[in-house]
Amino acid sequence: MAVAAPVLERAAFAPFAAVALLAAFVITDGPLFDVFARPADRREGRLNGLAGFALAAAGLAILATEIGLPVGLFAAAVLVLAYGNLGKRLVAETSDNPFLGVAGFAAGGSAAGVGGQAAVASLTSSPVLLARFAFLAVAGTLVAALFREMLFERDDPVVMLSTGLLLWLFDGLATGVGTVEVAAGLAITVALGYTSYALGTASVAGMLSGVLLGLLVVVFGGFGWFAVLITFFAIGALSTKFRYDDKKRRGIAEENEGARGTGNVLGNAAVALACVLCFAASGSLPIDGTLFQYAFAGSMAAALSDTLSSELGGLYDNPRLITTLERVPPGTDGGVTWQGEVFGLAGAAVVASVALGLLPGVSTLGGAAVAAGGVVGMTVDSVLGATVEGPGFGNEAVNFAATLVGAAVSALAALVVLTAS
């Protein structure tokens, strides 16, 4: 039905609307009901899950025929979720391992997403661009899998609409996607995801967030950008696991045995993701794309600087509150040690060195700007921890603010350097 959209044109929504009506009001028992019913549907005697899925598909079809969403992306969004769900359920027949379930979702959704785009291209006599189709299908599958982990099974409409709209964004930015970048991005990020989950450094949702971020960074930024990103993730994960039992006894250990979830990943890397997307769109923006490189590196420098300062500095005694310098118990928000400050400086310097060596256009003075952004971001994190962090402004929000400041400081300092030269 999704692939038939180019033929049905403005009537592409109609088959899905019909399915929604049948699911909601007609099919209340029998073989079809048994095939599509979820546990909640059986209790309510109505295929609400299928009805919601079909209505979301009808809505996307209207966007495709009336608003301008590419028909291939409409088909991809529908098929990614449909066959992703199927792949996950097939795995569930033999295993309850969450990683294998996500792998089943990714395999089913990605294959269906590529096939759907290729079929639509054939029907419309458009070029079959397998590298581009693969990137969009995998990116859409990762988005859908991530939302699926964060939401409930009945939230398929939200997942499908979000996937379709984000695919529209990715498609608009992926103007120069090459086979090498896509193949390398897929291989690297899959390896990264499996390693992070196997080592216990990320939850399933955190792993999906990191893999999606890595793929977008490789494709839209390049390998130098990915090197900066993986520097943060690798060193940050190792520092979290370092002397974990000691941290647990001191009350400063991360929850879930140090496995970072989506909130932690996005709190530290949401600014970096925005910088990558803005860099990809810089041809249409009145801003030099190089500044987004500095902002990206500065946000990562702030993230690693803060992570090392807290994870390693917290192992030392006599922390002091950064705002008053009074002694506070270990683990107090805003408490710092001089050892932690040294580790934070080292973290900012490491990211700055990688950026200087691998990001095109980053000069020696630019590397200093990245390091400065990292140190300022780390300091802002500590100040916010001492003053406003609490139930209404949690750790993830503090991390986001710190990385935003790090990005802004690095970009502004780089602008001064570039203007002077």
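Around the OH atom of Y83, the shell of radius 6.0 Å holds no more than 12 heavy atoms that belong to other residues, nucleotides or ligands.
Listed by first then second residue, pairs satisfying side chain to side chain donor-acceptor pair (under 3.5 Å) with a partner in residues 58-77 read R10-E66, not counting sequence neighbours. Applying the side chain to side chain donor-acceptor pair (under 3.5 Å) test to residues at least two apart or on different chains, none of the pairs has a partner in residues 364-385.
The heavy-atom pair separating L321 from D333 by the smallest distance is CD1-O, 3.6 Å. Minimum heavy-atom separation, V370 to A352: CG1-CA, 3.8 Å. The two residues V218 and G185 come nearest to each other via the heavy atoms CG1-CA, 3.6 Å. Across every non-hydrogen atom of V78 and A57, the tightest pair is CG2-CB, 4.0 Å. The nearest pair of heavy atoms linking L167 to A77 is CD1-N, 4.2 Å. The shortest heavy-atom contact between A295 and C275 is CB-SG, 3.6 Å.
Atom CZ of F105 sits about 6.5 Å away from atom OG1 of T141, to the nearest 0.5 Å. Distance CG/L304 to OG/S299: 11.5 Å, rounded to 0.5 Å. Expressed to the nearest 0.5 Å, how far CG of L79 lies from CZ of F74 amounts to 8.5 Å. Atom OH in Y294 sits 9.5 Å away from atom CG in D288 (nearest 0.5 Å). Atom-to-atom distance recorded for L215:CG and I188:CD1 is 10.0 Å, nearest 0.5 angstrom. Here OG1 of T163 is found 11.5 Å from CG of L73. Values are rounded to the nearest 0.5 Å.
Proximity of L208 to F147: side-chain heavy atoms (C-beta onward) are nowhere separated by under 4.5 Å. Side-chain atoms of T419 and L415, non-hydrogen and from C-beta on, do get closer than 4.5 Å to each other. Taking the side chain as every heavy atom from C-beta outward, V19 and F16 never approach each other to under 4.5 Å. Counting only heavy atoms from C-beta outward, the side chains of P360 and Q293 approach each other to under 4.5 Å. Residues W338 and F343 have side chains not in contact (no heavy-atom distance under 4.5 Å, counting atoms from C-beta outward). At least one side-chain heavy atom of V265 sits under 4.5 Å from a side-chain heavy atom of F233. Put simply, the side chain of T307 reaches to within 4.5 Å of the side chain of F232, judged on heavy atoms. Using a 4.5 Å heavy-atom cutoff, the side chains of L169 and L173 are in contact.
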Please test L315 against F242 for side-chain contact (heavy atoms from CB on, under 4.5 Å), starting from the C-alpha separation and ending with a verdict. CA-CA 10 Å; L315 292 169; F242 180 70; 3.8 Å; yes
For R132 and V182, run side-chain contact (heavy atoms from CB on, under 4.5 Å): C-alpha distance rounded to whole Å, both residues' side-chain angles, the deciding distance at 0.1 Å, then the answer. CA-CA 8 Å; R132 186 185 187 89; V182 172; over 6 Å; no
Could you walk me through whether F135 and L216 satisfy the side-chain contact (heavy atoms from CB on, under 4.5 Å) test, starting with their C-alpha distance in whole Å, then the side-chain angles of each, then the deciding distance to 0.1 Å, before giving a yes or no? CA-CA 9 Å; F135 162 66; L216 297 178; 3.9 Å; yes
Verdict with supporting geometry, L151 and V158, side-chain contact (heavy atoms from CB on, under 4.5 Å): CA-CA 9 Å; L151 302 174; V158 175; 3.9 Å; yes
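In this structure a side-chain-to-backbone donor-acceptor pair under 3.5 Å is present from D41 to R38. Not one N or O on the side chain of S110 forms a donor-acceptor pair closer than 3.5 Å with the backbone of A107. At least one donor-acceptor pair closer than 3.5 Å links the side chain of S122 to the backbone N or O of A118. T403 contributes a side-chain N or O that, together with a main-chain N or O of F400, makes up a donor-acceptor pair within less than 3.5 Å. A side-chain donor-acceptor contact under 3.5 Å links Q117 to the backbone of F133. At least one donor-acceptor pair closer than 3.5 Å links the side chain of S410 to the backbone N or O of A369. Using modelled atom types, one side-chain atom of T124 and one backbone atom of V120 make a donor-acceptor pair closer than 3.5 Å. Proximity of a side-chain donor or acceptor of N97 to a complementary backbone N or O of L100 within less than 3.5 Å is detected. Of the possible polar contacts, one joining the T337 side chain to the G340 backbone as a donor-acceptor pair under 3.5 Å is found. Although no hydrogens or angles enter the test, the distance criterion places no donor-acceptor pair under 3.5 Å between the side chain of T332 and the main chain of G335.
Residues E149 and K88 are paired through a salt bridge, judged by an N-O separation under 4.0 Å between the basic side chain and the carboxylate.
Here the options are F220, W225, F292, the test is ring pair (Phe, Tyr, Trp, His ring centres under 6.0 Å), and the partner is F279; only W225 passes.
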